[in-house]
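Below is one structure, written out as structure tokens; comments come after it.
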Amino acid sequence: MTEGKPRARKDEEKQQRRQAILDTARQLFGERGYEAVTVADVANGTGLAKGTVYLYFKTKEEMFLAIHQEQLIDWFDDVDTHLKEALGRDEHDVEKLAELFAQTVEGRAEFTRLLAIIHTVLEQNIELEVARNYKTSLMARVNVTGSLLEKYLPFFEPGQGAELLVQIDALVIGLQHLADASPVVRQLFLEPDLAIMQVDFGITFARSIRTLLLGYEYAALRNPKP
């Protein structure tokens with residue numbers, strides 16, 4: 001009867017240690033950026049041996065993928081909550097939906113910075129099962145939020161909610177790369193002839209999302225459901 005208690009306590013301690021590792025890595029990422037953070041830095045910041053960190057995450061990429069997964073869940077939860085509240089008010093407004101996406105994405109700088117390197121860096125040095133768990137979890141959330149989007153926008157066809165989320169993902173990745181220019185390139189943007197190439201992530205993302213949603217609405221009006 002008492003064997004379960006020590007086991008549960010041990011599992012809880014492992015979970016707390018894992019979360020401490022992720023919290024430390026996230027803090028260092030915010031201070032230094034991805035490239036400047038090492039597993040040794042995370043171990044030192046958490047007060048653990050480097051080998052202990054590797055018991056929880058086999059690679060640096062796996063560790064930051066777990067951080068990004070937490071951030072994704074938080075973002076989906078936020079969007080889902082707003083969509084459910086809007087549906088409760090019988091609200092179906094393209095402009096307000098565009099504003100919702102702009103606000104929830106722009107306010108998560110670390111989220112967009114990690115998303116920008118998800119395919120080129122974080123998914124490159126992980127095991128198959130880690131990748132499967134990440135993608136399966138992501139797909140489950142895409143389906144839930146996609147379904148809410150299709151209820152929010154009556155002109156959406158089945159599957160277009162998930163399609164929109166994939167397009168938002170691509171937008172964030174592309175715009176984050178453009179907006180995150182090097183100090184040398186930022187200096188060039190001060191020159192009048194090159195200023196137009198400077199991208200403000202928040203402004204450009206908001207405009208792009210609005211245009212994308214209006215495009216869906218226009219296509220639905222051109223080809224009404226039978």
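Only heavy atoms go into these numbers, but all of them, side chains included; no hydrogens, no water, no symmetry mates. Since we're looking at a predicted model, the values are computed, not measured.
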Under 4.5 Å side-chain linkage, directly or through intermediates, the cluster mates of I196
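Other cluster members: V185, L188, F189, L194, M197.
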
F155: which residues meet the ring pair (Phe, Tyr, Trp, His ring centres under 6.0 Å) condition with it, sequence neighbours left out?
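Partners of F155 under the ring pair (Phe, Tyr, Trp, His ring centres under 6.0 Å) test: none.
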
Assess the side chains of D11 and Q15: does a donor N or O sit below 3.5 Å from an acceptor N or O?
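No - no donor-acceptor pair under 3.5 Å links their side chains.
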
Flag for Q19-E70: side-chain donor and acceptor within less than 3.5 Å:
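Checked: E70/Q19 side chains pair up, N/O donor to acceptor below 3.5 Å.
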
Going through the checks in order, is the side chain to side chain donor-acceptor pair (under 3.5 Å) test met by E91 and Y152?
CA-CA 7 Å; E91 181 182 292; Y152 185 91; 3.2 Å; yes

Ignoring hydrogens and angles, tell me if any N or O in the side chain of K60 forms a donor-acceptor pair with the backbone of Y34 under 3.5 Å.
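At least one qualifying donor-acceptor pair exists.
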
Side chain of H92, backbone of P154: donor and acceptor closer than 3.5 Å?
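No, because the side chain of H92 does not come within donor-acceptor range (under 3.5 Å) of the backbone of P154.
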
Filter on ring-ring contact (aromatic ring centres under 6.0 Å, His included), then keep only pairs touching residues 193-223, sequence neighbours left out; what's left?
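The answer is F156-Y216, F201-F205.
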
Please say yes or no: joined through hydrophobic side-chain contacts below 4.5 Å, possibly via intermediate residues, are L153 and L87 part of one cluster?
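L153 clusters together with L87.
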
State the CD-OG1 distance between Q176 and T112, to the nearest 0.5 angstrom.
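One gets 4.0 Å once the value is rounded to the nearest 0.5 Å.
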
Pairs touching residues 129-141 that satisfy side chain to side chain donor-acceptor pair (under 3.5 Å), sequence neighbours left out:
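Every side chain to side chain donor-acceptor pair (under 3.5 Å) pair that includes a residue of residues 129-141, provided the two are not neighbours, is Q69-S137, D77-R141, D80-R141, E123-K135, E129-R132.
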
Mind jotting down which residue pairs meet the salt bridge (charged side-chain N to carboxylate O under 4.0 Å, His left out) criterion with at least one end in residues 190-219? Sequence neighbours excluded, please.
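Counting only pairs at least two positions apart or across chains, the salt bridge (charged side-chain N to carboxylate O under 4.0 Å, His left out) contacts touching residues 190-219 are E95-R210.
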
Are more than 12 heavy atoms, taken from residues, nucleotides or ligands other than R222, located less than 6.0 Å from that residue's CZ atom?
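No, because the 6.0 Å sphere around CZ of R222 holds 12 heavy atoms or fewer from other groups.
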
Taking only residues two or more places apart in sequence or in another chain, which ones pass salt bridge (Lys or Arg N to Asp or Glu O under 4.0 Å) with E127?
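Result, salt bridge (Lys or Arg N to Asp or Glu O under 4.0 Å) vs E127: K58.
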
